[in-house]
Novice: 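Okay, handing you the structure first.
Counting starts at 1 for both ligands and their atoms, following the listed order. The first residue in the sequence is number 1, and the count goes up from there. Note that the coordinates shown come from a computational prediction; the quantities given were computed from them, not determined experimentally.
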Amino acid sequence: MKHLLSIADLSRDEAIEVLDTAAELARLSEGTVKKFPTLRGRTVVNLFFEDSTRTRISFEAAAKRLSADVINFAAKGSSVSKGESLKDTALTLQAMGADAVVIRHGASGAAHQLAKQEWMKGVVINAGDGTHEHPTQALLDAFTIRRHLKENQGDLSGVKVGIIGDILHSRVARSNILLLKKLGAEVVLIAPPTLIPVGVAKWGVDVSYSLDDQIKSLDVVMALRVQKERMNDLYFPTEREYARGYGLTSERMKQMKTKSIVMHPGPMNRGLEISAESADSQRSVIVEQVANGVSVRMAVLYLTLGGATFKELASSGESL
Ligand code: CP
C-alpha cells in the first residue's frame, strides 16, 4: 500500500490484511508491550484543516505507539490563515522531512491532490476529505463489526448493515459502503429522501425510507451524525420530526435482533440521530469504535510506512 486515499484503492485481500494486522497489533497491545520500535526515526505529520477529536488523536496515539515522531499541524493558527496554499503547505512539510502526512480537508479530493501532484514524496493518508471519503473510519468500523459478529476472522459476508440518516453529506457512509460491499456485507441506506444522494441506484445498495421497517432485520445499526454545518437548506421539517422518524431510541432498540450492535462514528448529536439511552446502552460499541481506531490506524501506518505486511514480518522472525 503506497497511500490510503480511498477504500476504492484497496482490494478485498488488502482490506482484510489491514484488519488482520490491526487485530494482531491490538492483541499485542493488550500485553505488557505498549510501544513498538517499528517506525523509529520516521516522522508523521497530522495536517488538519478541519476540526477533529477522534481521528487526529488516534493517529497521533497510533504513530507514537509505533515510535514515530509526530508533528501536529492545525490550519487554525498557521500560515493558511494568511492565504498559504495546500501546495506550499505540503512543500514546507516535505522540506521538514515528513515521511507520512495524515490529511483532513474540507475539499473533496484534497488527499488525492496531495498524493498525485507529488508535492509530498511520502505517504499520504486521507483522514476525511469533504463529503468524499474517510477510509480509516470505514476500516475501524469493519474491524469493530468483525470482532463482534465474525469472531475477528475473514470478511463480513452474512452481515446486514443499516446506515441511517445523513447519507448525503457523509464521507463515512461513502467509505463504509465501498468497504462493506467489498467484504461481502449487505448494506441498506435508511434516510428521508432528501438525505439520499442522487445516483445512489448505482451504488449497489438497498434504500429504505423507514427505519421501523428495517430495524428488525439489521445486524448492525449504524447511526450517522446529522451534519448541520454542511446543510445550507432545509432537509427535514424540524429536528423533532427527524428524531421521530430516524432517531435510534430505546423503544426502537427493543425491535433489534438479539446479537445486533449499535454504532456511530461520532461526534454524536444526542437526542437527534441517537438517544442518550441508546448511545450508552449495552449494545452500543461506540466507545469501542474509538479504541479500535488506534489499532486500525497503527496497522495503516505500519503497512504504508513499514513496507512489509505483519505476516511477512512475523514469519521472518523480526520483532515488532
Ligand atoms: N469520526 C470522526 O472522524 O470523528 P472526528 O471528527 O472527531 O475525528
Side-chain angles (χ1 to χ4, degrees), residues 4-7 18-19 22 44-65 70-76 100-111 124-145 147 161-180 189 195 220-231 248 261-270 272-274 278-280 284-301:
L4 180 58
L5 306 175
S6 162
I7 291 294
V18 174
L19 304 187
V44 176
V45 176
N46 277 329
L47 182 58
F48 277 63
F49 293 86
E50 269 191 351
D51 294 342
S52 168
T53 299
R54 282 147 283 268
T55 312
R56 193 190 62 71
I57 293 173
S58 64
F59 263 113
E60 181 173 355
K64 285 181 172 169
R65 283 193 200 171
V70 180
I71 298 172
N72 286 313
F73 172 101
K76 279 178 204 147
V101 170
V102 177
I103 177 172
R104 170 169 289 191
H105 201 287
S108 298
V124 179
I125 298 171
N126 184 0
D129 60 328
T131 57
H132 176 231
E133 275 216 49
H134 192 351
T136 57
Q137 179 70 44
L139 286 161
L140 77 88
D141 288 343
F143 180 84
T144 306
I145 296 169
R147 271 199 133 171
V161 182
I163 305 179
I164 304 152
D166 188 359
I167 317 285
L168 184 66
H169 301 103
S170 179
R171 54 195 177 206
V172 173
R174 279 166 184 76
S175 288
N176 258 307
I177 291 163
L178 287 170
L179 184 60
L180 290 166
L189 308 181
L195 290 176
V220 177
V221 177
M222 186 184 289
L224 294 179
R225 182 169 70 87
V226 174
Q227 299 196 33
K228 296 177 204 171
E229 76 279 15
R230 296 193 205 274
M231 291 183 177
L248 185 61
I261 56 174
V262 170
M263 301 179 76
H264 190 300
M268 291 181 271
N269 295 306
R270 285 175 182 248
L272 182 53
E273 69 265 5
I274 188 164
S278 306
D280 300 333
S284 167
V285 296
I286 296 168
V287 175
E288 192 190 319
Q289 283 173 264
V290 178
N292 291 340
V294 178
S295 304
V296 165
R297 287 168 178 134
M298 282 173 82
V300 168
L301 289 171

Novice: Quick check: does any side chain N or O of T144 sit under 3.5 Å from a backbone N or O of L140, one acting as donor and the other as acceptor?
Specialist: yes

Novice: Between H134 and R104, is any side-chain donor less than 3.5 angstrom from a side-chain acceptor?
Specialist: yes

Novice: Which protein residues have a heavy atom closer than 4.0 Å to any atom of ligand 1, listed by chain and number?
Specialist: S52, T53, R54, T55, R104, H134, Q137, P265, G266

Novice: I'd like to know if the side chain of N72 pairs up with that of E60 as donor and acceptor (distance under 3.5 Å, no hydrogens or angles considered).
Specialist: yes

Novice: Could you check whether D280 pairs with R270 (Lys NZ or Arg NE/NH1/NH2 to Asp/Glu carboxylate O, under 4.0 Å)?
Specialist: yes

Novice: Got a second to check how far S295's OG is from L139's CG, nearest 0.5 Å?
Specialist: 12.5 Å

Novice: State which residues pass side-chain hydrogen bond (donor to acceptor under 3.5 Å, both in side chains) with R147; sequence neighbours excluded, sorted by chain then number.
Specialist: none

